*Asks:* 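My questions all concern the structure below.
Basis for what follows: all heavy atoms, side chains included, without hydrogens, waters or symmetry-related copies. Every chain is numbered from 1, with letters handed out A, B, ... down the list of sequences. Note that the structure is predicted; figures quoted are calculated from it, not measured.
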Amino acid sequence: MPPVALIDGNDFYVSCERVFDRRLAGMPVLVLSNNDGCAISRSAEAKALGVGMGEPTFRLRPLVRRHGIRVLSSNYPLYGDMSRRVNEALAGFSPAVEAYSIDETFLDLAGFDGRDLWAYAQDLRATVRRWTGIPTCVGLGPTKTLAKLGNAVAKKNPAFGGVCDLTDERVRCAVLRALPVGDVWGVGPATRRKLEGVGVTTAGGLAALDPKHARRLGTVVLERVAAELRGLACLDLDLLPAARQGVAVTRSFGQPLHDLAPVVGAVAAFATKAGEKLRAQGLIAGQLTAFLHTDRHRQGPQHHGSRTARLVPMTADARDLAAAAGRCVEAAYRQGFAYAKAGVILDDLRLAGQAPLDLFARPRSDALMRAVDAINARYGRGTVRVASMGFGAAWSPRAAHRSPAYTTRLKEVPRVRA
DNA sequence: TCTGGGGTCCTAGGACCC
DNA sequence: TCTGGGGTCCTAGGACCC
């Protein structure tokens, strides 16, 4: 099997922030989720203080105060742009690259078998660090699952020096024996419980499991995971990003909403945003789902409502999407609940030129939306908007600690004094 | 007495991922 | 006061067809 590498940015969001704010170096730092709800990226110093992944912000408050932890709202334009730069640096190391997530990239190292993989991986880490300022770890293995696992080991255990090579079978066996089965890529809490129920508690145990047994316990997915752990590649590198299947815009509200009107305003805004994503990729949608629900963490009556509508003809027009989302959410809404979150999901996507023809419906001209997108790109999102969005923002999320758009907005580019 | 069987398509829901 | 958001894949089961 030709080796595969997985490169992963350490504490990626925190590292992005540190590149542009030197005061964060060596400090405990947290990046919060949307709505400042919980911790989603933690520096090593913050982890050492006991900050858990996904821990709610309100519970962290005493710890933050006691230790002077720096807290930041998430800044996705910055992280997306840094991710692009990391992948630019990696492109020089292999012609076959899969950008798997915002902070992880797989590299195909076919034809590199004779080389010193460890030295190559260290060179790669140094280059990414020099070009972007982002620290990384590298996992190497004969399959994606093993590369992923090597990466996790390298990250958890500093003795590896940032690179863990599982192409060697003896090293692999030792590592798998020591690793809890729940740490394997593709084994979530539900599958972990099932595996533990039949006495499989380590990655090595899963690798040794009979394929039929694995399939019965999980699905074909678990069977593949077990095969990959044995070094048998079942997952190819996806060199071209797959066509998108759906677009979703969902948000928790900054405060609970009881009345219908602000909820309609919120989903109109979400539908508008979803339409922008669609148009940016030249797509149209054939189906829209809008949902709303109460806060499951709180006492009191709970309600989860959702409606789906066909979009005929298929569309990416903000007016059509906002109208359909409004109708769906009006039908799903019930009086007397404190709604905490809503969302709009678009499915059945096609390229705009490939819509099925409809004998009776005349598709909208897209000139208006092009003009709206151009105005909003120049003067800011929401300069031109669908009226049902309104101008209040009872639902707008919290983001109290947002850093500047250092790399994507001219006004916010950092200044360097000579 | 006995009441087919195989195939496709669609959807909802579960599980997992970052 | 206060617990994210955006995806993918798989399966079961129903509807429908001949």
Side-chain angles (χ1 to χ4, degrees), chain A residues 6 8-13 30-41 51-62 64 71-76 79-80 83 98-106 144-145 148-149 151-152 155 181-195 214-225 234-235 238 241-256 270 273-274 277-278 286-287 289 291 293-300 304 306-308 310 338 340-349 397-400:
Chain A
L6 177 66
D8 182 327
N10 301 345
D11 316 324
F12 185 65
Y13 298 169
L30 294 182
V31 173
L32 303 178
S33 65
N34 265 328
N35 216 24
D36 289 349
C38 61
I40 55 170
S41 182
V51 177
M53 184 63 175
E55 199 160 347
T57 314
F58 70 89
R59 219 185 286 151
L60 289 170
R61 214 139 283 164
V64 166
V71 176
L72 295 157
S73 303
S74 39
N75 182 348
Y76 285 101
Y79 312 147
S83 172
E98 173 189 347
Y100 171 71
S101 75
I102 194 163
D103 69 333
E104 290 167 285
T105 299
F106 286 104
K144 287 172 97 172
T145 303
K148 185 93 179 147
L149 207 147
N151 187 288
K155 241 199 239 173
V181 74
D183 288 6
V184 174
W185 188 37
V187 178
T191 307
R192 174 176 57 79
R193 278 191 294 274
K194 278 190 215 165
L195 286 167
R215 190 161 190 150
R216 262 203 315 281
L217 274 173
T219 64
V220 61
V221 177
L222 189 63
E223 187 183 347
R224 283 202 285 255
V225 169
C234 303
L235 307 172
D238 296 320
R244 188 188 278 283
Q245 295 184 15
V247 163
V249 177
T250 71
R251 288 285 180 283
S252 296
F253 304 135
Q255 54 183 302
F270 302 161
K273 178 112 189 260
K277 288 191 192 177
L278 227 45
Q287 179 171 288
T289 301
F291 72 82
H293 62 73
T294 47
D295 187 344
R296 65 180 193 284
H297 300 293
R298 298 190 59 158
Q299 303 269 320
H304 187 138
S306 146
R307 290 287 187 283
T308 297
R310 295 296 308 172
K341 177 172 176 172
V344 170
I345 301 162
L346 304 176
D347 285 303
D348 190 11
L349 308 186
R398 284 179 291 268

*Asks:* With sugar-phosphate meaning primed atoms plus P, OP1 and OP2, does A/Asp103 contact a base, only sugar-phosphate, or nothing at under 4.0 Å between heavy atoms?
*Replies:* sugar-phosphate
*Asks:* Determine yes or no for a side-chain-to-main-chain donor-acceptor pair under 3.5 angstrom, with A/Lys277 supplying the side chain and A/Ala248 the backbone.
*Replies:* yes
*Asks:* A/Phe253 has an atom CZ; how far is it from atom C1' of C/dT1, in whole Å?
*Replies:* 17 Å
*Asks:* Output the single nucleotide from C/dG4, B/dC18, C/dT11 whose closest atom is nearest the side chain of A/Trp185.
*Replies:* B/dC18
*Asks:* Going from OG1 on A/Thr250 to CD1 on A/Ile345, what distance comes out if it is rounded to the nearest 0.5 angstrom?
*Replies:* 7.5 Å
*Asks:* Between C/dG7, C/dC10, B/dC18, spot the one nearest the side chain of A/Val221, thanks.
*Replies:* C/dC10
*Asks:* Suppose we define a pair by two distances each less than 3.5 Å, Watson-Crick or G-U wobble; what does C/dC18 pair with here?
*Replies:* B/dG5
*Asks:* Are A/Arg224 and C/dC10 close enough that a side-chain N or O sits under 4.0 Å from OP1 or OP2?
*Replies:* yes
*Asks:* What is the nucleic acid contact for A/Phe270, judged by heavy atoms within less than 4.0 Å: base, sugar-phosphate only, or nothing?
*Replies:* nothing
*Asks:* Please measure how far the C1' atom in C/dC16 lies from the corresponding atom in B/dG4, and state the result in whole Å.
*Replies:* 15 Å
*Asks:* Which part of the nucleic acid, if any, lies within reach of A/Val184 when heavy atoms closer than 4.0 Å are counted: base, sugar-phosphate only, or nothing?
*Replies:* sugar-phosphate
*Asks:* Between P on B/dC9 and CG on A/Asp348, what's the gap in Å once rounded to a whole number?
*Replies:* 15 Å
*Asks:* Going from CG on A/Leu217 to NZ on A/Lys194, what distance comes out if it is rounded to the nearest 0.5 angstrom?
*Replies:* 7.0 Å
*Asks:* Which listed nucleotide (C/dT3, C/dC10, C/dG7) is nearest to the side chain of A/Pro56?
*Replies:* C/dT3
*Asks:* Among the candidates B/dT11, C/dG5, C/dT3, find the nucleotide nearest to the side-chain atoms of A/Gln287.
*Replies:* B/dT11
*Asks:* CG of A/Asn35 versus P of C/dG6: gap in Å, rounded?
*Replies:* 12 Å
*Asks:* To the nearest Å, how far apart are A/Arg192 CZ and B/dC16 P?
*Replies:* 9 Å
*Asks:* Just the rounded figure in Å: distance from C1' of C/dC10 to CZ of A/Arg216.
*Replies:* 18 Å
*Asks:* With a 3.5 Å distance limit and no angle check, can you tell me whether A/Thr219 reaches the backbone of A/Val221 through a side-chain donor-acceptor pair?
*Replies:* yes
*Asks:* Tell me whether the side-chain N/O atoms of A/Lys341 come closer than 4.0 Å to OP1 or OP2 in C/dT3.
*Replies:* no
*Asks:* For A/Gln245, which contact category applies under a 4.0 Å heavy-atom criterion: base, sugar-phosphate, or nothing?
*Replies:* sugar-phosphate
*Asks:* Fit a plane to each ring of A/Tyr76 and A/Tyr79, take the angle between them on a 0 to 90° scale, and name the class: parallel (under 30°), tilted (30 to 60°) or perpendicular (over 60°).
*Replies:* perpendicular
*Asks:* Would you say A/Arg61 reaches C/dC2's phosphate, i.e. side-chain N/O to OP1/OP2 under 4.0 Å?
*Replies:* no
*Asks:* Would you tell me if any nitrogen or oxygen in the side chain of A/Lys277 comes within less than 4.0 Å of OP1 or OP2 on C/dG7?
*Replies:* yes
*Asks:* Parallel, tilted or perpendicular: which fits the ring planes of A/Phe106 and A/Trp185, with parallel below 30° and perpendicular above 60°?
*Replies:* tilted
*Asks:* In whole Å, what is the span from the CD atom of A/Gln255 to the C1' atom of C/dT1?
*Replies:* 11 Å
*Asks:* Would you kindly give the CZ-to-C1' distance between A/Arg307 and B/dA12, to the nearest whole Å?
*Replies:* 15 Å
*Asks:* So what does A/Lys194 touch, heavy atoms closer than 4.0 Å: a base, only the sugar-phosphate, or nothing?
*Replies:* nothing
*Asks:* Is a side-chain donor-acceptor pair under 3.5 Å present for A/Asp103 with A/Ser101?
*Replies:* yes
*Asks:* Rounded to the nearest Å, what distance is computed from the CZ atom of residue A/Arg251 to the C1' atom of nucleotide C/dT3?
*Replies:* 16 Å
*Asks:* Want to settle it: does A/Thr219 or A/Thr57 sit nearer the 5' end of DNA chain C, counting the closest nucleotide to each?
*Replies:* A/Thr57
*Asks:* I want to confirm an ordering. Mapping A/Asn34 and A/Arg298 to their closest nucleotides on DNA chain C, which one lands closer to the 5' end?
*Replies:* A/Arg298
*Asks:* Phosphate oxygens OP1/OP2 of C/dT3: is one of them under 4.0 Å from a side-chain N or O of A/Ser33?
*Replies:* no
*Asks:* Sort out the partner of C/dC10 for me: Watson-Crick or G-U wobble, both distances under 3.5 Å, none otherwise.
*Replies:* B/dG13
